[in-house]
Student: 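Please find one structure pasted underneath; my questions will follow.
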2 protein chains.
Amino acid sequence: MTEIADALPKSGPPATEIADWIRSQIRANRFVPGQRLVEVDIIRRTGGSRFKVREAFQRLAAEGLLEIEEFRGASVREASLAEVSQLYRARAALEGICAADFTRLASDEDKERLREIAEKMETCVESGAAEQFGKLNGEWHSMIMRVTRNDVIADLVSRLNTPVHHLLFESFYRGDRMNEATRDHRAILDAILAGDPEAAEKAMRRHVENGLQFLTSLDRALFGD
Amino acid sequence: MTEIADALPKSGPPATEIADWIRSQIRANRFVPGQRLVEVDIIRRTGGSRFKVREAFQRLAAEGLLEIEEFRGASVREASLAEVSQLYRARAALEGICAADFTRLASDEDKERLREIAEKMETCVESGAAEQFGKLNGEWHSMIMRVTRNDVIADLVSRLNTPVHHLLFESFYRGDRMNEATRDHRAILDAILAGDPEAAEKAMRRHVENGLQFLTSLDRALFGD
DNA sequence: GGTCACCAAATTGTCAACAATATGGTTAGC
DNA sequence: GCTAACCATATTGTTGACAATTTGGTGACC
């Protein structure tokens, strides 16, 4: 009843918050693939109880983000190139259909906003602001999905993307990749503005598949062949 | 070292097995949407410890199959028609791309096997064996995805389907729906045999969307409008 | 010097007891 | 008869202690 009692009714953050925190750490490349997540460490840093931390681990394991081994605990799952390739194939299908839906459903303001983001990205290319470019790119893609009001697909794509965030983070938007992405975006935008859903879908698919191809070449460059 | 020691080294089934069991119960329509899953009950029926049961709950909640409320435990999540509609949209995109891939990649034996299943389904239509029809239908769809070696997409589609299994179970394959599905399958198969990936994709999409339309009409019939 | 068995520390798995909350029925009051 | 407060029961949330296993290092032996 007192202020104090109201101030500390909870002993710690719920499992979902802990899971969100771990997810954000992975996205920010603080937890890298293969890294072991020690329970005590997470407890110290989140303030959650051991029980809740383990609940969070389970959730993230079900999402495919963590791997749990008997008596060895949780570690950030490493996606093989083969798996990443499959993830991108799924993304191409899902984002493609969203691009088509966007073309049909979006209002003029929506389209204008999309064009604005694309414009900002082009200025990033000129100034070489790779990080900002990546951020805007995320906005661009998620806007297309948000407008079509398909939360399920938006959620799926977001989950599909997480395992490769550590790759996108550092070395993805370097060199020609920004130029290529900009070209792709322009093609998509043109199809949308022309009101051609099928063309928009095809362009979006090609865009995602180009991303995969770039990732593949990057992988070869990093790990040899 | 003795036979006895080998016979009972484990105190109970692991969390993944419990999760699988619950999933199968939901798929078999034994656990229906909205039903509460009491921990003690699951413990009694699976032989797992309370701890493991709760781990299983967390995993299934992350999959979207269960809903966990504070102090009220887990219950089978109820998918709204709006959500089901979105799930089908995603399925249409994913299975569509798989159909196209199948057309490109499948061996002659694969295609022959697909044709055989379709043939069996047609005999089911004649004899009105709805349950068998549904089972074969599952095989048909999963075969298309398995051949393309895209486990990620196969897994996604399987998860997308689970929330509506209770609908498919009872009243889905009645009346004209089997005929319609058979027509769709024939169109898909024709495109595949003709080696036309784009046509196969379109036909598959139409098939999934027909399924959604049927579900929608069924929903209207059941719950009024 | 190298290899293997063994030991101690760290880490995770499991369980049982207790606290907190929801649920359903009962009773008092109108 | 009806509503609302109340209470017993059922159910879930939380914690702590202990068991099982891995891990990294140490020393004996070849």
Side-chain angles (χ1 to χ4, degrees), chain A residues 1-22 25 31-63 65-78, chain B residues 1-2 4-22 25-26 31-63 65-78:
Chain A
M1 299 285 185
T2 71
E3 286 176 33
I4 296 174
D6 280 357
L8 42 93
K10 295 184 177 182
S11 56
T16 52
E17 267 179 44
I18 299 176
D20 287 343
W21 182 80
I22 295 174
Q25 296 295 104
F31 291 160
V32 297
Q35 181 173 342
R36 242 176 108 177
L37 266 51
V38 178
E39 290 177 0
V40 189
D41 190 45
I42 309 294
I43 291 170
R44 263 200 296 265
R45 296 170 74 173
T46 62
S49 68
R50 190 178 168 206
F51 189 79
K52 285 174 183 164
V53 168
R54 297 192 58 154
E55 279 189 339
F57 281 177
Q58 288 292 329
R59 291 191 90 104
L60 294 169
E63 283 179 27
L65 231 79
L66 297 185
E67 190 175 16
I68 297 181
E69 281 173 299
E70 188 103 359
F71 291 107
R72 300 200 50 206
S75 52
V76 181
R77 206 164 69 86
E78 188 125 32
Chain B
M1 301 282 185
T2 71
I4 295 175
D6 280 358
L8 42 93
K10 295 184 176 181
S11 57
T16 53
E17 267 179 43
I18 298 175
D20 288 342
W21 182 81
I22 295 174
Q25 296 294 104
I26 293 175
F31 292 161
V32 297
Q35 180 174 340
R36 243 177 104 179
L37 265 50
V38 178
E39 290 177 0
V40 188
D41 191 45
I42 309 293
I43 291 170
R44 263 201 296 266
R45 295 170 74 175
T46 61
S49 68
R50 192 180 166 204
F51 187 81
K52 285 174 182 165
V53 168
R54 297 190 60 153
E55 280 190 338
F57 281 177
Q58 288 293 330
R59 290 191 91 102
L60 294 168
E63 285 179 25
L65 257 151
L66 298 185
E67 192 174 15
I68 297 181
E69 283 172 297
E70 189 102 359
F71 291 108
R72 298 200 51 205
S75 52
V76 182
R77 207 164 69 87
E78 188 125 33

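In what follows, chains carry the letters A, B, and so on, assigned in the order in which the sequence lines appear, proteins first and then strands, with residues in each chain numbered from 1. All values below were derived from every heavy atom in this structure, side-chain atoms included, with hydrogens, water molecules and symmetry-related copies excluded. As the structure is a prediction and not an experimental result, all values here were calculated from the model.
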Student: What nucleic acid atoms does B/I68 come within less than 4.0 Å of, heavy atoms only: base, sugar-phosphate, or nothing?
Tutor: nothing
Student: Strictly below 4.0 Å: does B/S49 bring a side-chain N or O up to OP1 or OP2 of C/dT14?
Tutor: no
Student: Take atom CZ of B/R54 and atom P of D/dT12, then tell me their distance rounded to the nearest Å.
Tutor: 8 Å
Student: Taking the side chain as C-beta and beyond, is there a heavy-atom pair between A/V53 and A/L37 under 4.5 Å?
Tutor: no
Student: Rounding to an integer number of Å, can you tell me how far A/D41 CG sits from C/dA10 P?
Tutor: 14 Å
Student: Let's go through A/Q35 and A/Q25 carefully: what are the C-alpha distance in whole Å and the side-chain angles of both, what is the deciding distance for side-chain contact (heavy atoms from CB on, under 4.5 Å) to 0.1 Å, and is it a yes or a no?
Tutor: CA-CA 12 Å; A/Q35 181 173 342; A/Q25 296 295 104; over 6 Å; no
Student: Indicate whether OP1 or OP2 belonging to D/dT23 is found under 4.0 Å from a side-chain N or O atom of A/R72.
Tutor: yes
Student: Return the value, rounded to whole Å, for the distance between atom NZ of B/K52 and atom P of C/dT12.
Tutor: 18 Å
Student: Take the protein atom CD of A/E55 and the nucleotide atom P of D/dT15, then report the distance between them rounded to whole Å.
Tutor: 11 Å
Student: Take A/F71 and A/F51, find for each the nucleotide of DNA chain D with the closest heavy atom, and name the residue whose nucleotide sits nearer the 5' end.
Tutor: A/F51
Student: Rounded to the nearest angstrom, tell me the gap between atom CG in B/L66 and atom P in D/dT12.
Tutor: 12 Å
Student: Minimum heavy-atom separation for A/I18 to A/K52, with atom names?
Tutor: CD1-CB, 3.8 Å
Student: For the CZ atom of B/R50 and the CD1 atom of B/I42, what is their distance to the nearest 0.5 Å?
Tutor: 13.0 Å
Student: Atom CD of B/E39 to atom P of C/dA17: distance rounded to whole Å?
Tutor: 17 Å
Student: Write down the distance between CZ (B/R44) and C1' (D/dT11), rounded to a whole number of angstrom.
Tutor: 12 Å
Student: Once you round it to whole Å, what is the distance between P of D/dT12 and CD of B/E67?
Tutor: 15 Å
Student: For the side chain of B/R50 and the base of D/dG13, is some donor closer than 3.5 Å to an acceptor across the two?
Tutor: yes
